[in-house]
Protein chains: 2
Amino acid sequence: MTNESAQKAPERPEAALKLEEFLPYRLNVCANLVSQALSRIYADRYKIGVPEWRVLVTLGQFGMMTAKGIGGHSCMHKTKVSRAVALLERRKLVVRRANRADLREAFLSLTPAGRDIYNELAPIALDFAQKLLESVDAADRAALDRALSKLTERSSQITDIANSRGGR
Amino acid sequence: MTNESAQKAPERPEAALKLEEFLPYRLNVCANLVSQALSRIYADRYKIGVPEWRVLVTLGQFGMMTAKGIGGHSCMHKTKVSRAVALLERRKLVVRRANRADLREAFLSLTPAGRDIYNELAPIALDFAQKLLESVDAADRAALDRALSKLTERSSQITDIANSRGGR
DNA sequence: TGACGATGGTTTCGATTGCAACTAAACAGG
DNA sequence: CCTGTTTAGTTGCAATCGAAACCATCGTCA
């Protein structure tokens, strides 16, 4: 066997790329399925999607916040936040209060109706997550927690570096 | 404290829903970041997106397959597969060969050019996944593996049940 | 004060998505 | 055979998304 042919060999069999074992793929499939299962809880009941759900939960958690704050905390693009808030505002689930000290931003918070929905959904969502976690061996749960944190941190790091390189 | 007020209490503080600790949310964020980081490897270089990437990898792995087969193996909607294949076909990375025994379907496979790209990308992708995994404590990796499998299984189960109920 | 860059948020626009309707071919079962 | 049903794959359409442009306001510095 020459060097040439060794280089051209498709791949070492033991290193073959199998999609179903490939971490990024598995994460994506898992996250989508979980997301879809969860959204059954609120989608039909209240006709809202994931972005609206996140806004609702964030405001439920913090009480009052700017759109920027919501975006930062829920990892959503500002246009997504803007549109989700607009929808919730139309439905009278969220109110906008001007910030006298800075008229560019506005403070958002749940209306009583929004709070009602939040109070109804939050325990159901927690229960859902709990049920989901119960399918994972108790001994593995902490590891999953750590792993998700590490993977999230590492990949956002990679993206940042690549972005700063590309943006030169 | 009456029963009434206990029922109306927003939530027990210890059970409060915190988005940043909520498993479905964390999975989604993690998967998106990882996916985005990975796509840097192939997106710019070859101007393809996730669906095309998955078709490429699936065909690289199995050699020859129908669109249905690809969809099943890569968890993609048939329209996504159809469009991804159409794009790759236009780029001469994939060929379609009629199945004499059943003219509805067609066998798809990589062209030599497609195989070249696969052979270039696969090791880089594997390396990426490896690097990513290295950020996770070695002791936690097997647990992550099991947890992802369980969560995937459980949530697709939930969705299936809900779907069959709704589809009555 | 007044000009300029930065910032919060909205809007416009092109691209991607998934559902539903469709086409064409296979496979009943009489 | 014909007829109705199922299946592989494509296409039309409406909804969603994110990048970039945009608008209004703020902070800075001369």
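Since this is a predicted model, take the numbers as computed values, not measurements. Residue numbering restarts at 1 for every chain, and letters A, B, ... go by the order of the sequence lines.
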From CE of Met76(A) across to P of dG9(C) the rounded distance in Å is 13 Å
Could you tell me how far apart Lys68(B) (NZ) and dA25(C) (P) are, to the nearest whole angstrom?
19 Å
Roughly how many Å is it from CZ in Arg104(A) to P in dA6(C), rounded to a whole number?
13 Å
Which listed nucleotide (dG8(C), dA8(D), dT10(D)) is nearest to the side chain of Thr79(B)?
dT10(D)
Apply salt bridge (Lys or Arg N to Asp or Glu O under 4.0 Å) to residues Arg154(B) and Glu134(A) and explain how you reach the verdict.
CA-CA 10 Å; Arg154(B) 187 96 182 77; Glu134(A) 276 166 14; over 6 Å; no
Nearest-nucleotide comparison on DNA chain D, the residue closer to the 5′ end among Asn99(A) and Ala67(B)
Ala67(B)
At under 4.0 Å, does any side-chain N or O of Arg96(B) touch on OP1 or OP2 of dT10(D)?
yes
Taking atom P of dT10(C) as reference, at what distance in whole Å does atom CZ of Arg90(A) sit?
11 Å
Is there a donor-acceptor pair closer than 3.5 Å between any side-chain N or O of Thr111(B) and the backbone N or O of Lys92(B)?
yes
Quiz item: Lys78(B) side-chain donor-acceptor pair to dG9(D) base, under 3.5 Å
yes
Does Ala106(B) reach a base, just sugar-phosphate, or nothing at all? Heavy atoms under 4.0 Å.
sugar-phosphate
Examine dT10(C): is either OP1 or OP2 under 4.0 Å from a nitrogen or oxygen in the side chain of Ser82(A)? Give yes or no.
yes
Rounded interatomic separation in angstrom, taking CG from Leu103(B) and P from dT23(C):
19 Å
Quick note, Pro51(B) side chain, CB onward, closest among dT17(C), dA20(C), dG8(C) is dT17(C)
Return the 5'-most residue of the pair Asp102(A), Asp102(B) with respect to DNA chain D, ranking by each residue's nearest nucleotide.
Asp102(B)
Side chain Ser82(B), main chain Lys78(B), donor-acceptor under 3.5 Å:
no
Over how many whole Å does the gap from Arg97(A) atom CZ to dG8(C) atom P extend?
21 Å
Closest nucleotide among dC17(D), dG9(C), dA8(D) to the Arg83(A) side chain
dC17(D)
Round to a whole Å and report the spacing from CH2 of Trp53(B) to P of dT16(C).
19 Å
Check whether any side-chain N or O of Lys80(B) sits under 4.0 Å from OP1 or OP2 of dG18(C), and answer yes or no.
yes
Should the pair Glu89(A)-Arg96(A) be classified as a salt bridge under the 4.0 Å nitrogen-to-oxygen rule?
yes
Asp140(B)/Lys150(A) salt bridge by N-O under 4.0 Å criterion
no
His77(B) side-chain N/O to dT17(C) phosphate OP1/OP2 under 4.0 Å
no
Starting at atom CZ of Arg100(A), determine the distance to atom P of dC26(D), rounded to an integer number of angstrom.
12 Å
